[in-house]
Visitor: 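Sharing a structure below in structure tokens format, with a few things to ask.
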Amino acid sequence: MNGRHIVIGILAHVDAGKTTLSESLLYLAGSIRKQGRVDHGDAFLDTWQLEKDRGITIFSKQAELSIGGRDGLSVTLLDTPGHIDFSPETERTLQVLDYAILIISAPDGVTGQVRNLWRLLASYKVPVFLFVNKMDQSGADAGKVLEDIHKNLSGACVDFSNCRFSPSLKIPEDQMENIAVCDDAVLEHYLETQTLQEDEIRAMIGDRRLFPVFFGAALKNEGVDRLMEGLNALTITKTWPEEFGARVFKISRDTDGSRLTWMRITGGSLKVRSTLPENAGGEKVNQIRVYSGDHFTQLAQADAGCICAVTGPEKTRIGMGLGFEKDAGDFLLQPVLKSQIILTPDQDRSAALRNLQVLSEEEPLLHIDADSPDGDISVRIMGQVQMEILKSLCDQRFHMPIRFAPPSVLYKETIAEPVEGVGHFEPLRHYAEVHLLLKPDEPGSGLHFETDCRSDELSLNWQRLILSSLESQMHRGVLTGSEITDMKIIVTGGRASEKHTVGGDFRQAACRAVRQGLMMAKNVLLEPVYRYQAELPSGMMGRFMTDLQRMEGTADLEENDGTTALITGTVPAAALQDYQQEMYSYTHGQGRLTLSLKGYEPCRHAEEVILQKGYDPDADLENPSSSVFCSHGAGIQVPWNLVRSYMHVDTGWRPDDPWQNGQAAQEAAVPAPGDRYPSGKPGQSFSSGWQKEQKTGTKSWAEEQQLREAEEKDLQQIFDNTYTGSSWQTPLHHHAPAWSNDSGIWSRDGSLEKAEAEKPQQKDSMKTPPAKPPRKKEEYLLVDGYNMIFNWEELRKLAAVNMDAARDRLIEILSNFHGTRPGTLILVFDAYKVHGGRGEVYPYHNIYVVFTKEAETADAYIEKTVHRIGHQGNVTVATSDGLEQIIIFGDGARRMSARELLLEIESSQAELRSRYKI
Ligand SMILES: Nc1nc2c(ncn2[C@@H]2O[C@H](COP(=O)(O)OP(=O)(O)OP(=O)(O)O)[C@@H](O)[C@H]2O)c(=O)[nH]1
Ligand SMILES: [Mg+2]
């Protein structure tokens, strides 16, 4: 490219003014004639209707401007989304930036999200200019914000707003020393000469030893020209290699549906009608576009440094490196939630999958999972706002309305000790055997594959093939079917047949070896844990701390000036659920909770989660742990626990532990909270639901449960979970908390030990099961959903406008209510008339939501349930329906009217309010 050119990204927390600053820069640089406003829906860069409607940026956007006239600087601006749900989009732009402008909103100061962005910019080594925005708002205090910046970001952030930039840089004397102290060599030179070299300053900024700070109000174009002068004077243009290279940072579609591959050329040039290098699929380039807002100009050739969108290629991916550039590794921000997509019965599943595939090219972190045996489709998500946007996108782009089930946490699995996994695949005229050593690795390290196998035992070609087939797929753990992580998987042996082996055989054998190893291993369930920063009114600290304790989080009080408290700590994502929203409402919008992923840790309630997931690895036919051997010309399956003695290769590996001898039942490790993947301890071992007692031939508990499930499919899950997982059981009058009113039905009593004792026992050849204590009765509350909606005024009104919203609101209310209550709450919605409805049961936070099957009324469901659990639980049914009351009454259930339940909910809210003085 001719002249000086840089790419600058604008980053900040949500609503700090990124798009407004971009607008102001474009206006002052003369790129646009009329200055639009986010609030009026006519900002140059919030081009999508969804963005205009909501006043937030969802997708990163490009704009072009020139600063400083003829010999000035040409700038490609990338505006990024600030909402945390879209922060992966922001992260992806970082790999193509020369500089970033980090905006800090003066009234908010350095928020948790700003700190997260600062860390992100540091890990991508992006030089940063800071712009303190909204200085026009009353109370904005530059000194205070700068202090905040020094304390929370870096002491090397120096105020440049009083400098003169042209014709040459002139820095006020009292600022010189502030700059010089940022670097020892510069300080030494400064002390000698009392001068600072311009080049020196540019170099300091370029390698992140100095961060210039500017102040202003983008909305009023104040301080923005000063920032532009600063950018012109203080930035350096890179020189690029001759050889072609480019990085793909974004995939999108234009309004005509053409696929756009956004890239930065990092070497050589790209010409129209040329083909992309082989490592990028070798596809032809039709057009090269340089966008500014939603307009573009076409280039015949894009030179190094340029950001462009290319049409033609269909196989490119985000993160792809072209030419000499290597593919980007995993991005740092990863979703930790997943949600099932609910389609209506008349929707075509494969068309839906195709559409979702298009979306996942644009947002690869969605990781569509359609492999579940029951045909469910689920996607990974960052949060509620992203779900709403995905819904709108599906509707607008594909005319495909979708709903999401409430999100659940994305668990992972690892192992506590090394183990060898073996796989053999030898149906007629095929042959491959693979031995893999599975070793636990550092937390957060992911999966790594390597070989440690002699080439005379297994040729290098086959070894490479095993590695690439292992690398190319997701491996599921055997506890819950979640992705495995934090392991080294090493090829230690294997065999091919000259005559019969084809490539796919090794793929089969390798995947079977991973699963066989996992079946033998001490497995550990991992859950995501957030690092949080909470800023809230001091008076609400007590409530927050209590909540944190309940969620098994940690809390450190960083600051408390009597008005506002700043608390930091960690909290398991599963416990947090939608607490951000809850905090927002109890602090009346004054509290802010910022999250970043700390990492995955051993799950605190592994047993409960495993039981609830009910994953049976033997039933997972996509991920077999057995091997296939050839016997009398036919392939026979040998189960994982017997395969070792059938193998043709012996690497010499032997399990230290007789438990792992392939004959014994398996044990999964239950970690103590905070443990680093401990190995299984006898006192803490548990059945993960997949144990098989191979020798005695008696049915294991898991098998029995499976049989029961086959008989009484949908309900059983709930009862089993309650039976074995939670432990709320005693009637109120025995253990009523002081703040509970007399009309309450449940109280929290019991401990995990009790639940342990009451668990159905495992049949395990190595252990004597403890005597079975008598069970106490569980408490159940069954709520007839539509009955409540039509009997509560607030919900009735909402339902008149939007039934989905009313349902969601009821689910929310009951989930909150149940947070302070023991027992199991089942909310039943009548899907009697839903054509083809298969019936659905899903857990939402702490309650179960049931949609009945087609032709099954809520009455019928409730009646059936009461009949089923009346003998093992104390059941209360909340409904106003006359008939239902009589039937359930006859079955020994207690009844509660919609009004009574509402009163109950209100009084528990009042209790909470008075308890926490909110
Ligand atoms: N008073 C004042 N308001 C501003 C200023 N800059 C932006 N705003 C307002 O702040 C709000 C958010 O501005 P945006 O430019 O959309 O912020 P953003 O950072 O792009 O937001 P997201 O893209 O959603 O993260 C809008 O209502 C703007 O009008 C400013 O300098 N002063
Ligand atoms: Mg914006």
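We use all heavy atoms of the structure for the numbers below, so side chains are in, but hydrogens, waters and symmetry mates are not. Ligands are counted one by one from 1 in listed order, and the atoms in each one are counted from 1 as well.
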Visitor: Any idea which part of I56 is under 4.0 Å from ligand 1, heavy-atom wise: side chain, backbone, both or neither?
Guide: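 It is both backbone and side chain that touch ligand 1.
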Visitor: Applying a 4.0 Å heavy-atom criterion (strictly less than), which segment of K220 is in contact with ligand 1: side chain, backbone, both, or neither?
Guide: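 For K220, there is no contact with ligand 1 at all, from either part.
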Visitor: Counting only heavy atoms, which portion of L219 has something under 4.0 Å from ligand 1: side chain, backbone, both, or neither?
Guide: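 It is both backbone and side chain that touch ligand 1.
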Visitor: Going by side chain to side chain donor-acceptor pair (under 3.5 Å), name the residues that satisfy it together with K134, two or more places apart in sequence or in a different chain.
Guide: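 Partners of K134 under the side chain to side chain donor-acceptor pair (under 3.5 Å) test: none.
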Visitor: Can you list every ring pair (Phe, Tyr, Trp, His ring centres under 6.0 Å) pair that touches residues 100-122, not counting sequence neighbours?
Guide: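 Checked against ring pair (Phe, Tyr, Trp, His ring centres under 6.0 Å) - neighbours excluded - the pairs reaching residues 100-122 are W118-F211.
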Visitor: What residue and atom, counting heavy atoms only, is the protein's closest point to atom 17 (O) of ligand 1, and at what distance?
Guide: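 Protein heavy atom with the smallest distance to atom 17 (O) of ligand 1: G17 N, 3.1 Å.
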Visitor: May I ask you to identify, for R37, whether its side chain, its backbone, both or neither come under 4.0 Å of ligand 1 on a heavy-atom basis?
Guide: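 The side chain, only.
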Visitor: Taking the inter-plane angle between the rings of Y532 and F544 on a 0 to 90° scale, is it parallel (under 30°), tilted (30 to 60°) or perpendicular (over 60°)?
Guide: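 It falls in the perpendicular class, over 60°.
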Visitor: Assess A16 for proximity to ligand 1: is some non-hydrogen atom of it under 4.0 Å away?
Guide: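 Per 4.0 Å heavy-atom rule, A16 contacts ligand 1.
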Visitor: Heavy atom to atom 14 (P) of ligand 1, shortest distance: which of T20, L45, N133 holds it?
Guide: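 The option holding the nearest heavy atom is T20.
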Visitor: Kindly compute the distance separating CZ (F215) from CG (L146), expressed to the nearest 0.5 Å.
Guide: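 Answer rounded to 0.5 Å: 4.5 Å.
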Visitor: List the residues meeting salt bridge (charged side-chain N to carboxylate O under 4.0 Å, His left out) with D327, not counting sequence neighbours, and say none if there are none.
Guide: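 For D327, the residues satisfying salt bridge (charged side-chain N to carboxylate O under 4.0 Å, His left out) (neighbours in sequence not counted) are R317.
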Visitor: Checking a contact table here: which protein heavy atom is nearest atom 23 (O) of ligand 1, and how many Å away?
Guide: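 The answer is T57 OG1, 2.7 Å.
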Visitor: Please work out which of the three classes, parallel, tilted or perpendicular, describes the rings of F214 and F129, given edges at 30° and 60°.
Guide: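 The rings of F129 and F214 lie parallel, inter-plane angle below 30°.
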Visitor: For the Mg ion (ligand 2), check which protein N, O or S atoms are under 2.8 Å away and list them.
Guide: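 Counting only protein N, O or S atoms under 2.8 Å from the Mg ion (ligand 2), the list reads T19 OG1, T57 OG1.
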